[in-house]
Amino acid sequence: MSLVSMVAGRIRVSLLPGLCAGITLLAGIAVACWLAYKQSAYEVETFSAIKDEITAVIGERMKDHELILKGARGFVEGSQDVSRAEWRSYYQSLELERKYPGILGMGYSAFLLPGEVAGFEQRRRDEGFGDFVVHPEGQREIYTSILFLEPFTGKNLRAFGYDMMSEATRAKALHSAIFSGNTAMSARVTLLQENEADRQAGMLIYVPVFRSGMPRDTPEARWQALEGFVYSPFRMGDLMKGVGLRDRDLVGFDIYDGTAPREQALMYRSADYGVEAGRERQCSISEFFGHPWTLCFYRSPLYQQQLSTHSIPLILSAALLLAIAIYFTMLSVIYRRHRAEQLASKMTAKLRRKQDELEVIQVRQERVLSGSNDGWWEYKVSSDEAYVSPRFCEQLGLNGRQQVWPLAHLKALLPEEERHDVLSRVRRILVSRDTSFSLELRLKHAKGHYIPLLARGQIDRDTSGKALIMSGANIDLTESKRIEEMKNGFISTVSHELRTPLTSISGSLSLVNGGALGDLPEAAQSMLGIAKTNCDRLGFLINDLLDMDKLVAGKMRFDIGVHSLTHVVQKTLDATQGYAEQYSVSVVWAASEEVQIEVDEIRAQQILSNFISNAIKYSPTHGQVMLKAERCKQAYVRVLVIDQGEGIPEDFKPHIFQKFSQADTSTTRKKVGTGLGLAITKELAERMKGGVGFCSEEGRGSTFWVEFAVAT
Ligand code: ADP
């Protein structure tokens with residue numbers, strides 16, 4: 001991937017949260033707008049529907065009242081002189097108060113010419129209404145007078161005899177009814193029945209009544225035929241209450257008389273949340289019986305609450321919140337992914353480095369292994385199988401391929417006489433807590449002879465110390481054994497050849513120094529003394545070399561018997577007494593309980609003597625060497641030789657029991673010695689089924705110990 005496309009990719013990734021959040025927000029805004037549009041259309045439709053319904057219901061009610069009045073006209077026109085009782089029973093049969101609440105009553109007003117008024121009044125008085133007059137008084141060209149008005153009680157009584165032509169508004173409606181020959185409605189009036197407490201605007205609906213049989217097709221003919229009017233007075237508030245409108249609490253409305261919503265022409269107001277509250281309203285003009293009313297509608301607070309678009313801010317806030325959430329979630333996902341990628345690439349790089357290192361190590365190991373010419377192997381304890389390398393096979397003269405061998409196969413390659421010993425040593429290594437081992441063994445070659453091998457390696461253990469895997473390399477010792485044998489043979493020959501002449505030289509020097517040849521000059525005495533000392537040292541070295549030779553060759557004989565430990569120690573102390581005095585060192589034996597040990601007495605003394613002479617040699621002048629015995633394990637006694645000398649250097653400790661090893665190998669070393677003493681000591685102790693060991697702290701002395709088998 002090029003750098004440019006990588007950078008472009010990064011930018012695209014970092015823009016992604018913003019882009020997604022933006023799209024979410026835009027989607028939210030779009031939904032909100034769409035909803036607002038739909039809501040407002042629905043609101044307008046609903047408002048318009050309610051408005052139309054109210055208008056229609058009012059219209060229906062007005063028609064109902066017209067029908068009632070027209071029915072009454074039919075009743076009057078069809079009857080011969082309607083009596084008051086007949087009017088009443090007709091009115092009652094209609095059950096108007098129950099069916100059309102809001103109607104104040106239904107009346108009949110007679111049309112009178114000036115000449116008929118007096119007679120009309122007289123007839124009423126004759127009917128029992130003694131003070132009846134057509135009112136208000138005054139000279140007019142034509143009169144009307146309310147004759148019947150049901151219910152004929154209460155405030156309606158005020159209207160009895162009233163001339164509606166005397167009042168302009170009513171007169172106008174009456175004229176209109178005659179002119180059209182049909183129903184007419186008055187403008188806004190204050191009804192005679194009106195009371196002070198609950199003042200309401202009023203109006204009246206008139207239907208003209210004509211004498212039957214007379215023409216009525218022109219206004220003039222109708223004037224001629226006019227007999228009176230049936231009518232109903234209405235209080236607007238009561239009328240509207242009775243109309244039975246639904247959705248009153250959602251939409252309010254005002255009814256104005258005329259074609260404009262003028263406050264002084266207000267006839268009815270359904271609620272006070274209209275004009276006073278400055279609410280927006282919609283007005284329209286409706287005509288009832290040729291008379292215009294202006295109806296103004298406005299939304300109630302409840303309506304606005306229910307139908308207004310509350311959800312818009314909610315949707316917008318939700319969209320905003322969602323956009324924010326998406327933004328941060330994506331940001332965090334991208335950040336985590338980025339971190340994970342970084343981590344992964346770091347880990348990959350690390351892994352690659354490790355792999356490279358591993359490859360280098362592997363190549364190096366292979367080179368070292370093939371260079372060292374060692375065969376290597378790995379023994380898996382759980383499966384009791386061993387993996388052996390091609391070189392291992394080659395060492396045994398087998399086909400050089402790596403193989404997995406069952407342990408039994410390996411065991412079979414051990415010489416029979418050594419098998420038990422080798423296997424028990426392996427077992428001891430496995431059960432110990434050691435993590436490394438070194439083991440000499442011989443394995444059978446394909447040609448039948450045995451190959452001496454040094455197996456060295458490590459042991460992998462679990463947390464409880466149980467051995468899991470034992471792995472190591474086999475060093476072929478054939479060549480070194482051959483050289484060793486040659487060296488040993490050479491040393492053995494040289495030692496033997498040297499011992500005889502040295503013995504005679506030493507003997508001769510002893511005789512000369514002892515005065516066998518008479519007194520010697522002082523200078524000669526000193527020279528011969530030095531010669532004797534060095535002759536003795538050479539003798540010791542040769543003895544050590546011969547001992548070692550015998551031990552290695554297995555030719556040393558051990559005369560094992562039961563001996564008192566105290567006796568053996570005492571004899572050794574006696575033998576080393578002179579040496580101690582020479583170094584001005586005291587040797588102390590902390591006598592212990594009597595113990596019988598099973599040893600070759602001479603060899604046991606040789607071991608102790610070696611430890612004691614080393615302790616004396618490495619002690620400071622006037623130092624003290626302490627000997628102690630203590631029981632260890634069940635069948636052994638341990639004799640400790642403790643000195644106050646310079647101690648053993650840490651790096652020398654692992655080599656101390658090896659042949660010819662000395663801490664100070666310089667040619668100017670102060671202490672004389674061969675470096676063979678401890679190696680011989682160890683061999684001797686082990687041949688007598690015992691062991692040796694030491695502990696030492698540099699500058700604070702050393703403790704060497706030997707374990708002898710206790711006689712049973
Ligand atoms: P050597 O004849 O040199 O003493 P040894 O085998 O007896 O040979 O001892 C090997 C080496 O071990 C010595 O050269 C010395 O460095 C060290 N050594 C042995 N015993 C002691 C001791 N008691 N204190 C300090 N060093 C000792």
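Read the numbers this way: they start at 1 and go in the same order the structure lists the ligands and their atoms. Note: hydrogens, waters and symmetry copies are ignored here, and every other heavy atom, side chains too, is used.
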Output block, N or O contacts of ligand 1, threshold 3.5 Å exclusive:
| from | atom 1 | to | atom 2 | distance (Å) |
| --- | --- | --- | --- | --- |
| ligand 1 | 2 (O) | Thr674 | N | 3.0 |
| ligand 1 | 2 (O) | Gly675 | N | 3.3 |
| ligand 1 | 3 (O) | Gln662 | NE2 | 2.9 |
| ligand 1 | 3 (O) | Gly675 | N | 3.3 |
| ligand 1 | 4 (O) | Asn614 | OD1 | 3.1 |
| ligand 1 | 4 (O) | Lys617 | NZ | 3.1 |
| ligand 1 | 6 (O) | Gly677 | N | 3.2 |
| ligand 1 | 6 (O) | Leu678 | N | 2.8 |
| ligand 1 | 7 (O) | Asn614 | OD1 | 3.4 |
| ligand 1 | 7 (O) | Asn614 | ND2 | 2.8 |
| ligand 1 | 8 (O) | Gly675 | N | 3.2 |
| ligand 1 | 14 (O) | Tyr618 | OH | 3.2 |
| ligand 1 | 16 (O) | Ala663 | N | 3.2 |
| ligand 1 | 20 (N) | Asn614 | ND2 | 3.3 |
| ligand 1 | 23 (N) | Asp643 | OD2 | 2.9 |

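- No side-chain heavy atom of Val585 sits under 4.5 Å from any side-chain heavy atom of Tyr579.
- A 4.5 Å side-chain heavy-atom check between Thr435 and Gln458 finds every atom pair outside the cut-off.
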Exercise for the section: Decide yes or no on side-chain contact (heavy atoms from CB on, under 4.5 Å) for Trp376 and Arg391, but give the supporting numbers first. Expected result: CA-CA 7 Å; Trp376 57 277; Arg391 176 64 197 137; 5.8 Å; no

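- Proximity of Phe704 to Thr681: side-chain heavy atoms (C-beta onward) are nowhere separated by under 4.5 Å.
- Smallest separation of non-hydrogen atoms from Lys628 and Trp589: C-CZ3, 4.0 Å.
- Among pairs with a residue in residues 691-708, those fulfilling salt bridge (Lys or Arg N to Asp or Glu O under 4.0 Å) read Lys633-Glu707, Arg638-Glu707, Glu697-Arg700, at least two apart in sequence or across chains.
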